[in-house]
Student: 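One structure coming up, written as structure tokens, with questions to follow.
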Amino acid sequence: MKLNIIWFCSLAVMLAAAACNKKLDLDPDGRLTSLDQVFSDYNRTRGYLNSCYGYCPGPYMDRASYTDEAEDADDITSGSKYSFWYAGSISAATYGGYSEDGQPWAPLFQGVEKCNTFLQYIKTATAIVTDEEKAGWVAQAHALRALYYLQLIKRYGGVPIFKTPLGISHDFSKDSKAKFGDVVTFILSDCDSALSAPDTRLGFHWAIYDNQFGIMSRAVAYAIKSEAVTYAASPLWTDGTFSWADATKINADALYQCLTNDYHLFNVTPDPSTAQNPYALYFITSSNDQRAVDKETIYQAGAQMQVWKYAGMPTTPDMIKAGPCPTQDIVDAYEMANGEAPITGYSDNAHLQPIINPLSGYDPANPYAGRDPRFYASIYYNGAVRYLNNPGGQTVDASVGGAEGISDNDRTHTRTGYYQRKFNNSQSGTNNNADGAVRLFRLAEIYLNFAESAYQSDGPDAPITVNGATMSARDAVNAVRERAGMPDFPIGMSAADFETKYRNERRVELAFEEHRFFDVRRWKILGQTDKFVTGMNITQNNTGTTYSRFQFPVRGSSTDKFLMYPIDQGEAAKIMQLSGKNWQNPGW
């Protein structure tokens with residue numbers, strides 16, 4: 001059965017738009033230009049490649065509010081997307097209106113279609129372009145297509161693989177969703193195709209040249225491979241295609257390639273009036289510097305944020321809301337500076353009775369002293385210095401009745417007793433917006449991906465050698481912790497103990513960077529982490545300060561159906577009607 005694209009579904013319309021009549025842009029005189037004409041001209045060909053960019057959802061700080069990292073201050077706003085998300089009152093038909101990035105299914109496939117069109121037409125393009133530059137363009141398109149497919153499977157699981165442009169006569173009834181591992185195989189193949197291009201200025205290179213911020217590079221291709229294969233071996237997605245040993249091999253190579261091509265963890269010592277430590281400075285440092293200073297960022301994707309405005313404090317001029325308010329759960333995750341976990345668990349299901357590790361030195365009456373330096377870089381807590389350039393001045397008063405204290409009816413105040421500090425430049429404001437951006441890929445993730453697969457395949461301490469370089473899972477984690485100023489993981493940990501400590505390390509190192517949302521899903525622990533979250537009530541009286549934990553209502557968004565995005569219900573229904581296949585994800 002040949003299906004009419006016009007009435008099939010919005011996805012199909014978007015996919016086939018470029019290919020249907022081979023029309024694209026307007027000539028200066030107003031005439032439509034065919035794709036054959038586009039690819040006969042150098043500038044138009046390059047312009048079409050540029051149009052293949054822009055379909056990847058940009059990471060943003062608000063994703064934290066969809067995890068156990070934060071309770072959003074807008075949860076008290078009637079009809080807010082957070083109130084519906086926390087209640088679990090979402091269907092496949094309404095999901096796009098309440099999720100952090102809407103329904104990116106159709107836009108991502110539109111990006112795939114653009115890349116497919118470019119890859120097909122560049123083969124016979126008559127534009128005058130050198131073989132070297134042409135190879136570089138083709139590499140970018142392959143890397144972009146791999147990026148879009150990675151973003152699709154992270155959200156939806158297995159999806160159909162389209163390798164060529166869709167025409168108006170495409171028979172959609174023969175399409176099917178490929179299994180997760182097969183899509184990852186395709187992603188790896190695309191990345192390898194990109195990496196086969198020459199490493200030259202006009203080819204597919206490691207360097208970032210003038211006006212190339214946001215362009216695909218060799219490092220991005222390796223990062224895509226690393227994340228894709230790590231996901232493919234994870235509990236939610238494993239289907240026998242990739243083992244942890246396979247993932248370790250690919251992660252080791254990705255890490256080796258990045259390290260030998262001048263990528264390293266950001267370790268610039270900041271002026272004390274600007275940031276507390278290199279980790280804090282990294283997230284308020286621009287990555288658009290041609291890797292002159294920031295040699296950790298692989299691909300930013302996210303735009304610069306206005307943290308002071310959309311995740312600020314009520315004492316911040318012109319702020320609008322408190323945004324993602326860090327939970328007590330994420331605060332508990334930060335170790336003590338001596339490397340010991342302050343909280344080893346809870347004696348109650350509500351997480352209100354913490355089990356304190358006596359070796360840690362944690363003092364419940366002084367809970368923010370002596371913690372992991374990343375805690376101070378990421379979270380504003382009661383008593384924290386508000387402005388680093390004025391250390392003797394304002395501190396955060398998050399106590400009951402305090403200027404920044406909890407409010408149950410005002411979204412400009414914290415809901416948990418905490419405010420987000422990560423990405424926030426304390427000197428940023430209305431006339432000097434200097435906040436940071438979320439990176440989609442950075443070197444620390446590659447270290448952690450390798451550590452995760454290596455401890456699963458070989459154990460925590462087993463040395464793994466790639467191209468003459470040797471590293472163990474423990475070594476990789478320790479490299480990340482060294483930059484943070486934290487002690488090494490102990491030698492000789494069991495795989496189970498290493499996993500617990502590793503997952504916590506990943507949680508704090510990548511906090512508020514969107515990883516937690518996807519990690520708890522691929523690990524299949526969503527029901528354990530997101531069922532409810534806690535905050536801290538802080539009261540001050542003549543005898544001192546009292547800290548009292550409290551629990552938010554159970555979240556309906558912690559059930560198994562939330563492990564994956566639903567396909568928009570309207571599109572899923574049309575696919576069923578026209579092909580007889582149910583593509584909808586479980587529970588939706």
Side-chain angles (χ1 to χ4, degrees), residues 69-70 269-270 272-281 283 313 325-347 351-406 414 416-422 424 426 481-489 501 504-505 507-509 511-512 533-550:
E69 294 174 316
T269 301
S273 66
T274 302
Q276 306 97 318
N277 48 55
Y279 181 84
L281 181 62
F283 293 104
M313 299 184 201
C325 302
T327 62
Q328 185 60 44
D329 306 81
I330 185 64
V331 171
D332 286 348
Y334 287 92
E335 294 178 349
M336 304 300 288
N338 60 12
E340 292 284 347
I343 309 296
T344 59
Y346 305 89
S347 59
H351 290 193
L352 301 181
Q353 301 295 326
I355 300 171
I356 297 172
N357 177 6
L359 299 177
S360 68
Y362 174 76
D363 180 3
N366 190 18
Y368 312 127
R371 305 296 286 272
D372 181 331
R374 289 171 291 191
F375 169 72
Y376 305 107
S378 303
I379 295 174
Y380 280 116
Y381 55 92
N382 186 57
V385 174
R386 177 68 181 89
Y387 299 105
L388 295 177
N389 60 346
N390 185 20
Q394 180 183 354
T395 59
V396 176
D397 182 1
S399 65
V400 175
E404 291 93 10
I406 290 175
T414 179
T416 63
Y418 305 100
Y419 294 87
Q420 180 179 300
R421 187 166 200 157
K422 195 172 186 177
N424 176 233
S426 65
R481 287 170 68 84
E482 181 181 5
R483 186 267 298 278
M486 288 295 288
D488 289 351
F489 273 23
K501 198 170 178 69
N504 193 75
E505 177 67 19
R507 183 180 187 181
V508 300
E509 171 66 26
F512 313 121
V533 298
T534 58
M536 182 72 84
N537 269 320
I538 304 162
T539 56
Q540 293 179 339
N541 50 47
N542 294 334
T543 60
T545 305
T546 302
Y547 298 90
S548 177
R549 296 164 183 257
F550 67 92

Student: With sequence neighbours excluded, tell me which residues meet side chain to side chain donor-acceptor pair (under 3.5 Å) with Ser378.
Tutor: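 Ser378: no side chain to side chain donor-acceptor pair (under 3.5 Å) contacts found.
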
Student: Within 45 degrees of the axis of the six-membered ring of Phe512 and under 6.0 Å from its centre: does Lys422 put its NZ or CZ there?
Tutor: no

Student: Using the side chain to side chain contact (heavy atoms under 4.5 Å, CB included) rule, take Gln353 and Arg549 through it: C-alpha gap first, then chi angles, then the decisive distance, then the call.
Tutor: CA-CA 8 Å; Gln353 301 295 326; Arg549 296 164 183 257; over 6 Å; no

Student: Show the nearest heavy-atom pair for residues Ile356 and Pro358, with the distance to one decimal.
Tutor: O-CD, 3.2 Å

Student: Give the minimum heavy-atom separation between Pro272 and Leu388, together with the two atoms involved.
Tutor: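 Here Pro272 and Leu388 meet closest at O-CB, 3.6 Å.
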
Student: Can you name the closest pair of heavy atoms from Ala369 and Met336 and give their distance?
Tutor: O-CE, 3.4 Å

Student: For Ala398, check side chain to side chain contact (heavy atoms under 4.5 Å, CB included) against everything at least two apart and list the hits.
Tutor: Asn382, Val396, Ile538

Student: With side chain to side chain contact (heavy atoms under 4.5 Å, CB included) as the criterion, how do Tyr380 and Cys325 come out once you've worked through the C-alpha distance, each side chain's angles and the decisive distance to 0.1 Å?
Tutor: CA-CA 10 Å; Tyr380 280 116; Cys325 302; over 6 Å; no

Student: To the nearest 0.5 angstrom, please state how far the CG atom of Asp332 sits from the OH atom of Tyr362.
Tutor: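 It comes to 6.0 Å.
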
Student: Go through the structure and list residues passing side chain to side chain donor-acceptor pair (under 3.5 Å) with Glu340, not counting sequence neighbours.
Tutor: Asn357

Student: Please give me the minimum heavy-atom distance between Ala484 and Pro373, naming the atom from each residue.
Tutor: O-CG, 3.2 Å

Student: Take Phe375 and Tyr334 through the ring pair (Phe, Tyr, Trp, His ring centres under 6.0 Å) test and state the conclusion after the steps.
Tutor: CA-CA 6 Å; Phe375 169 72; Tyr334 287 92; 5.6 Å; yes

Student: With sequence neighbours excluded, tell me which residues meet side chain to side chain contact (heavy atoms under 4.5 Å, CB included) with Ala333.
Tutor: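 Once residues adjacent in sequence are excluded, the partners of Ala333 under the side chain to side chain contact (heavy atoms under 4.5 Å, CB included) criterion are Ile330, Asn504, Arg507, Val508.
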
Student: Distance check, rounded to the nearest 0.5 Å: Ser360 atom OG versus Ile343 atom CD1?
Tutor: 7.0 Å

Student: In chain order, what residues pass the side chain to side chain contact (heavy atoms under 4.5 Å, CB included) check against Thr274, with sequence neighbours excluded?
Tutor: Asp271, Leu281, Ile284, Gln427

Student: What distance separates Ser347 OG from Leu352 CG, expressed to the nearest 0.5 Å?
Tutor: 9.0 Å

Student: Any donor-acceptor pair under 3.5 Å linking the side chain of Asp329 with the backbone of Thr534?
Tutor: yes

Student: When you measure from the side chain of Arg481 to the backbone N and O of Asp488, does any donor-acceptor pair fall under 3.5 Å?
Tutor: no

Student: Side chain of Glu404, backbone of Asp397: donor and acceptor closer than 3.5 Å?
Tutor: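 Looks like yes, one N/O pair under 3.5 Å.
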
Student: So which atom in Gln276 and which in Pro270 form the shortest heavy-atom distance, rounded to 0.1 Å?
Tutor: C-CG, 4.2 Å

Student: Assess, by modelled atom type and distance only, whether the side chains of Tyr419 and Asn424 contain a donor and an acceptor separated by less than 3.5 Å.
Tutor: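 Not at all, the side chains of Tyr419 and Asn424 share no donor-acceptor pair under 3.5 Å.
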
Student: Just grab all the salt bridge (charged side-chain N to carboxylate O under 4.0 Å, His left out) pairs involving residues 374-391, residues at least two apart or on different chains.
Tutor: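 Passing the test, one end in residues 374-391: Asp372-Arg374, Arg374-Glu505, Arg374-Glu509.
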
Student: Does any non-hydrogen side-chain atom of Met486 lie less than 4.5 Å from one of Tyr279?
Tutor: no

Student: Within the distance-only criterion (no hydrogens, no angle test), does the side chain of Tyr376 pair as donor or acceptor with the backbone N or O of Arg371 below 3.5 angstrom?
Tutor: yes

Student: Is a side-chain donor or acceptor of Asn537 paired with a backbone partner of Tyr547 at a separation under 3.5 angstrom?
Tutor: no

Student: Give the ring-plane orientation class for Tyr368 versus Tyr418, where under 30° counts as parallel, over 60° as perpendicular and anything between as tilted.
Tutor: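 The arrangement is perpendicular - the two ring planes meet at more than 60°.
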
Student: So, for Pro487 and Gly339, which heavy atoms are closest and what is the spacing to 0.1 Å?
Tutor: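 In this case the closest contact between Pro487 and Gly339 is CG-N, 3.8 Å.
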
